[in-house]
Amino acid sequence: MNRFENKVALVTGSTQGIGAACAIRLASDGADIILNGHSELDERGEELIKQITDMGRRATYLQADVSKVTDVTKLINDAVASFGQLDILVNNAGVEKNHDFWDVTEEDYDFVMDTNLKGVFFGIQAFVKYCMKEKRSGVIINMSSVHEEIVFPHFAAYCTSKGGLKMLTRNLATELAPFNIRVNNVAPGAISTPINKKLEEDPELMENVLKNIPLRKMGKPEDVAGLVAFLASDDATYITGSTYFVDGGLTYHYEEQ
Ligand SMILES: NC(=O)c1ccc[n+]([C@@H]2O[C@H](COP(=O)([O-])OP(=O)(O)OC[C@H]3O[C@@H](n4cnc5c(N)ncnc54)[C@H](O)[C@@H]3O)[C@@H](O)[C@H]2O)c1
């Protein structure tokens, strides 16, 4: 399917996990791809570039720490310069820290909030300035979490950042609609990626998680990528300002015991 022919997508934090799956899926649907990570290009990144170019698409890698406003602004501008345009921005990079609330330091808080919320805010701002200057439409997808809606004790900063993304998306969808820029959130539940390695290695923890998921399994990064591709496509031109859950039923799960 070539629904993204002549489109360029930037996916932040895309050398592994959900970001890598989004990059592959958008490329297989026809987009040229800009990959991003905060370290130098490594073997995983090189392998992804090869996979994408083997599909006949263009791919490049831009190193940038999206938690820093100067870096993320430069990332957007360099992404535009890479292939001459930018149509789709997937704000995927995200981090979490497990702490009792009373032990969270300012450094822990900034690490999570700067990556998950501040970087997204200013990355979108740079993208919007580009779209307005060039009079182009744009599509923004923020990788939120079921924890923009449901609690996650010991992850207060993470929940705060994803809750912030929820309101950022609602607000920007309204403010940017006159410029034909759509903004949506994708909210994954428990997805099998490196971020969940410890969880998946612990059978007891896994049993606890699975009993809360009506479909009784972890999701795959590809499950999330399919939703991202839909929201980025012209099938979703009337969709903006909402969150779409990909969680096996976790968020609104309820059973009588
Ligand atoms: N896996 C899940 O179960 C799950 C559930 C809900 C939400 N999410 C969200 O999905 C997104 C991707 O998660 P994942 O599971 O693939 O995680 P992951 O840890 O496998 O991948 C995250 C990627 O982001 C990159 N990254 C982190 N900080 C960065 C920075 N400052 N600058 C640039 N890149 C940075 C990492 O290097 C990594 O490549 C995150 O926003 C996460 O909060 C994941």
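When reading the values below, keep in mind they use all heavy atoms of this one structure, side chains included, and skip hydrogens, waters and symmetry mates. Quick caveat: nothing in here was measured; it's all calculated off a predicted structure. Positions are given from 1 along the sequence. Counting starts at 1 for both ligands and their atoms, following the listed order.
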Side chains of residues 30-41: which donor-acceptor partners sit under 3.5 Å, not counting sequence neighbours?
| residue | atom | partner | partner atom | Å |
| --- | --- | --- | --- | --- |
| Asp32 | OD1 | Arg58 | N | 2.8 |
| Asp32 | OD2 | Arg58 | NE | 3.0 |
| Asp32 | OD2 | Arg58 | NH2 | 3.0 |
| Asn36 | OD1 | Gly13 | N | 3.0 |
| Asn36 | ND2 | Leu62 | O | 3.1 |
| Asn36 | ND2 | Ala64 | O | 3.2 |

Side chain, backbone, both or neither: [X] near ligand 1, heavy atoms under 4.0 Å:
{"X": "Asn36", "value": "side chain"}
{"X": "Thr12", "value": "neither"}
{"X": "Ala64", "value": "backbone"}
{"X": "Ser144", "value": "backbone"}
{"X": "Asn196", "value": "side chain"}
{"X": "Thr115", "value": "side chain"}

Looking only at atom types and distance, does a side-chain atom of [X] sit under 3.5 Å from a main-chain N or O of [Y], one as donor and one as acceptor?
{"X": "Asn116", "Y": "Val95", "answer": "yes"}
{"X": "Asp223", "Y": "Lys220", "answer": "yes"}
{"X": "Arg182", "Y": "Leu231", "answer": "yes"}
{"X": "Arg3", "Y": "Asp234", "answer": "no"}
{"X": "Asp71", "Y": "Asp65", "answer": "yes"}

When you measure from the heavy atoms of [X] to every atom of ligand 1, does any distance fall below 4.0 Å?
{"X": "Pro221", "answer": "no"}
{"X": "Lys162", "answer": "yes"}
{"X": "Ala20", "answer": "no"}
{"X": "Ser14", "answer": "no"}

Is any NZ, NE, NH1 or NH2 atom of the basic residue among Lys198 and Glu96 found under 4.0 Å from an Asp or Glu carboxylate oxygen of the other?
-> no
Aromatic plane relationship, Tyr158 with Phe155 - under 30° parallel, 30 to 60° tilted, over 60° perpendicular = perpendicular
Taking the inter-plane angle between the rings of Tyr252 and Phe245 on a 0 to 90° scale, is it parallel (under 30°), tilted (30 to 60°) or perpendicular (over 60°)?
->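 Ring orientation, 0 to 90° scale: perpendicular.
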In the protein, which heavy atom is nearest to [atom], and how far is it?
{"atom": "atom 4 (C) of ligand 1", "result": "Gly189 O, 3.8 Å"}
{"atom": "atom 25 (C) of ligand 1", "result": "Gly13 CA, 3.6 Å"}
{"atom": "atom 32 (N) of ligand 1", "result": "Val66 N, 3.0 Å"}
{"atom": "atom 6 (C) of ligand 1", "result": "Pro188 O, 3.3 Å"}
{"atom": "atom 10 (O) of ligand 1", "result": "Met143 CG, 3.2 Å"}
{"atom": "atom 15 (O) of ligand 1", "result": "Thr193 OG1, 2.5 Å"}
{"atom": "atom 19 (O) of ligand 1", "result": "Gln16 NE2, 3.4 Å"}

Specify the closest pair of heavy atoms between Cys22 and Val228, including all atoms of both residues, with the distance to one decimal.
-> SG-CG2, 3.8 Å
Donor-acceptor list for residues 205-212 side chains, cut-off 3.5 Å, not counting sequence neighbours:
| residue | atom | partner | partner atom | Å |
| --- | --- | --- | --- | --- |
| Asn208 | OD1 | Lys211 | NZ | 2.9 |
| Asn212 | ND2 | Asn208 | O | 3.2 |

Is the shortest N/O to N/O distance between [X] and ligand 1 below 3.5 Å?
{"X": "Val95", "result": "no"}
{"X": "Ala190", "result": "no"}
{"X": "Asp65", "result": "yes"}
{"X": "Gly37", "result": "no"}
{"X": "Gly17", "result": "no"}

Are there protein heavy-atom neighbours of atom 35 (C) of ligand 1 below 4.0 Å?
-> yes
Decide side-chain contact (heavy atoms from CB on, under 4.5 Å) for Leu89 and Ile76; before the verdict, give the C-alpha distance in whole Å, the side-chain angles of both, and the deciding distance to 0.1 Å.
-> CA-CA 9 Å; Leu89 170 62; Ile76 299 293; 4.0 Å; yes
Taking it one step at a time, do Asp108 and Thr105 satisfy side-chain hydrogen bond (donor to acceptor under 3.5 Å, both in side chains)?
-> CA-CA 5 Å; Asp108 298 328; Thr105 63; 3.0 Å; yes
